[in-house]
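Shown next, in structure tokens, is the structure this report addresses.
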Amino acid sequence: MDHTLQQFCWIFIFYSFIGWCVGVIVNAVQKRRFVNTGFMSLPFCPTYGLGAVLYTIFLAELQTRFLFLFVGGAVMGAVQCVMTGVVLQRIFHRRWWDYSKKRFQFDGYLHIGHLIAFGLAAFFVFWIGNPVLFRILSWMPDFIRFALLLGILFLMVTDGIVSVIAVLQLKIRLRRMEQLTESMQKASDEFGNALTRRIQGRMARAYPNLETDQAKEVAETRQTTSVFAEGCCFYKLVWLFLIGAFLGDIVETIFCRFSMGVWMSRSSVVYGPFSLVWGIACALLTGLLYKYKDKNDRYMFLAGTVLGGTYEYLCSIFTELVFGTVFWDYSDIPFNLGGRINLLYCFFWGVAAVIWFKGIYPRLSLLIEKIPKRTGIWLTWLCISFMVVNTTLSGLALSRYDERQREETVQTEKNIHPLNRFLDQHFPDERMERIYPNAKTVE
């Protein structure tokens, strides 16, 4: 089922509220007192709303295939939970939750109970939540529904800004920083010190991990290094993306040559041999599994199989929704899921994860760190600029190619937009079919 932007906004709001209620109830049962576990003061947890939106977009095809729906919901929810925890920790230098003392946990960000809850949540979204929500919305007049939506979104954005400012002030207070930026000081004064102190107190009660050892953090923030891209940092991940995109394209090209007997382009962009799927996978999986790179091969194989298969499935849906094009179809291969993934290639992801962490990554990491720091920084941003332009141009060329296939525009010189004329001249059908030989236009 296709959903409008307004419906997705309502899904976000509805499940943000449901998630907040569930969190409050669970904590009330465990701690026997009311605790607002949300990031904001209002009764909303945006991370649950975002999760429901992602479920609705990417798991709609699985709602009648119960096992895959459960597994898909569990994996997507787990990845979102971990990434949210990592992002919050990187921004605020605090762990907002910690389950490291529980059994069957992953780096303290989630445990086995979360996986079960995320899997069951996928059933709730498709079989209970969304039907009830859309039924309620159908009873409301269009004007009231739209006005109420704008009002709630405005309150959520305002509350989110206030909460972020309050947490940043809490971070500054804990680190005893005497000099505040002028803009932050003005923003905090507008909302009032009493309000920010109240929010800070609520944050400390809801997330005790925010009250961490101050001296330890100050020592960590003062650590400097002359090594470029040391550890698993932003610059390291960018270079792993670039190298992974290049190597992935080369490997797939050679694989197609020996398996199909033909040389075939496997690039995702119009300029250069780069496979974005492989590049993003290298950076994403490295970021998620970096702390576990020294574990045994079976662990890495299982993690690579599950995460890689899920990642490829989501990429297939994303490219089809955005570009209206299917770039690969495994319908003819046994044990496939909607033609988007198959068991054999999921195992390939598992093998690739083992080879990557046990053989390729350590050597690449050392080579990247040998780049002079200043040179590495400006070279990294130069490559980022190139890939942004390359990816944007590729998306425009694919969109224009799709229009030509559907014959949605009248091909006369007068009514063609200058941008479309440029794309038609530089990226005609012959070139696009050579770059993307497996691309199929879908409704």
Side-chain angles (χ1 to χ4, degrees), residues 1 3 8 11-12 14-23 25-26 45 47-85 97 99 102-107 109-134 281 284-285 288-289 298-318 320-321 330-331 333-350 353:
M1 179 186 294
H3 298 289
F8 279 124
I11 291 173
F12 173 77
F14 179 69
Y15 290 100
S16 295
F17 175 72
I18 294 295
W20 179 87
C21 292
V22 172
I25 293 173
V26 170
C45 283
T47 183
Y48 294 109
L50 176 60
V53 171
L54 295 177
Y55 280 5
T56 304
I57 294 175
F58 292 108
L59 300 181
E61 296 179 350
L62 305 179
Q63 57 184 304
T64 58
R65 308 182 70 172
F66 301 134
L67 177 60
F68 291 109
L69 179 61
F70 180 85
V71 174
V75 175
M76 281 191 62
V79 172
Q80 183 195 4
C81 181
V82 172
M83 293 187 67
T84 301
W97 57 85
Y99 301 105
K102 293 183 176 290
R103 298 184 60 187
F104 308 110
Q105 53 85 28
F106 180 81
D107 201 26
Y109 292 114
L110 78 162
H111 57 87
I112 188 65
H114 288 107
L115 294 178
I116 299 175
F118 293 145
L120 295 177
F123 285 97
F124 178 84
V125 167
F126 288 105
W127 293 101
I128 300 177
N130 283 359
V132 171
L133 172 63
F134 295 143
L284 183 62
L285 294 181
L288 290 175
L289 302 177
R298 289 176 295 178
Y299 183 93
M300 299 307 302
F301 174 80
L302 179 61
T305 298
V306 175
L307 293 178
T310 303
Y311 168 75
E312 187 174 9
Y313 184 88
L314 297 180
C315 285
S316 175
I317 295 179
F318 176 80
E320 182 176 331
L321 291 175
Y330 304 136
S331 300
I333 300 179
F335 306 105
N336 74 85
L337 183 58
R340 303 186 185 280
I341 58 173
N342 66 82
L343 187 59
L344 177 62
Y345 285 8
C346 287
F347 288 158
F348 283 172
W349 282 105

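From a predicted model like this one, the values you see are computed outputs, not experimental measurements.
- By the 4.5 Å heavy-atom criterion applied to side chains, Arg340 and Tyr330 are not counted as neighbours.
- Expressed to the nearest 0.5 Å, how far CZ of Phe58 lies from OG of Ser316 amounts to 10.5 Å.
- Enclosure of atom CZ in Phe301 by more than 12 non-hydrogen atoms of other residues, nucleotides or ligands within 6.0 angstrom is indicated.
- A tilted orientation is assigned to the rings of Phe123 and Phe66, their planes being inclined by 30° to 60°.
- The environment of OH in Tyr299 is crowded: more than 12 heavy-atom neighbours from other residues, nucleotides or ligands sit within 6.0 Å.
- When atom types are taken as modelled, the side chain of Thr56 and the backbone of Ala52 share a donor-acceptor pair closer than 3.5 angstrom.
- Looking only at distances, a side-chain donor or acceptor of Gln63 sits under 3.5 Å from a matching main-chain atom of Ala60.
- Closest approach of Thr310 to Val306, counting heavy atoms only: OG1-O, 2.8 Å.
- In Tyr48, the OH atom is not crowded: 12 or fewer heavy atoms of neighbouring residues, nucleotides or ligands sit closer than 6.0 Å.
- Across all their heavy atoms, Gly49 and Ser16 have their closest contact at CA-OG, 3.4 Å.
- Among all heavy-atom pairs drawn from Ala122 and Gly73, the shortest one is CB-CA, 4.0 Å.
- Between Ile333 and Leu343, every side-chain heavy-atom pair lies at or beyond the 4.5 Å cut-off.
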Would Leu337 and Glu61 count as a side-chain contact (heavy atoms from CB on, under 4.5 Å) here? Give the steps. CA-CA 10 Å; Leu337 183 58; Glu61 296 179 350; over 6 Å; no

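- For the pair Tyr15 (side chain) and Val53 (backbone), a donor-acceptor distance under 3.5 Å is absent.
- Considering all non-hydrogen atoms of both residues, Arg65 and Gly338 come closest at NH1-N, 4.2 Å.
- In plain terms, the two heavy atoms of Ala78 and Leu110 that are nearest each other are CB-CD1, 3.5 Å.
- To the nearest 0.5 angstrom, Tyr311 atom OH is 10.5 Å from Phe318 atom CZ.
- At a threshold of 4.5 Å between non-hydrogen side-chain atoms, the residues Phe134 and Ile11 count as touching.
- Under a 3.5 Å cut-off, the side chain of Gln80 and the backbone N or O of Thr47 do form a donor-acceptor pair.
- For the atom pair CG (Leu59) and CZ (Phe68), the distance works out to 12.5 Å, reported to the nearest 0.5 Å.
- A pairwise comparison of heavy atoms in Tyr55 and Phe126 identifies O-CZ, 3.1 Å as the closest pair.
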Mind running side-chain contact (heavy atoms from CB on, under 4.5 Å) on Thr84 and Leu50 for me, showing each step along the way? CA-CA 11 Å; Thr84 301; Leu50 176 60; over 6 Å; no

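- Side-chain contact between Phe118 and Cys81: present, with at least one pair of heavy atoms (C-beta onward) separated by less than 4.5 Å.
- Among the candidates Leu133, Leu69, Asn130, the single residue satisfying the side-chain contact (heavy atoms from CB on, under 4.5 Å) test with Val125 is Asn130.
- Side-chain contact between Asn342 and Pro334 is absent, with no heavy-atom pair separated by less than 4.5 Å.
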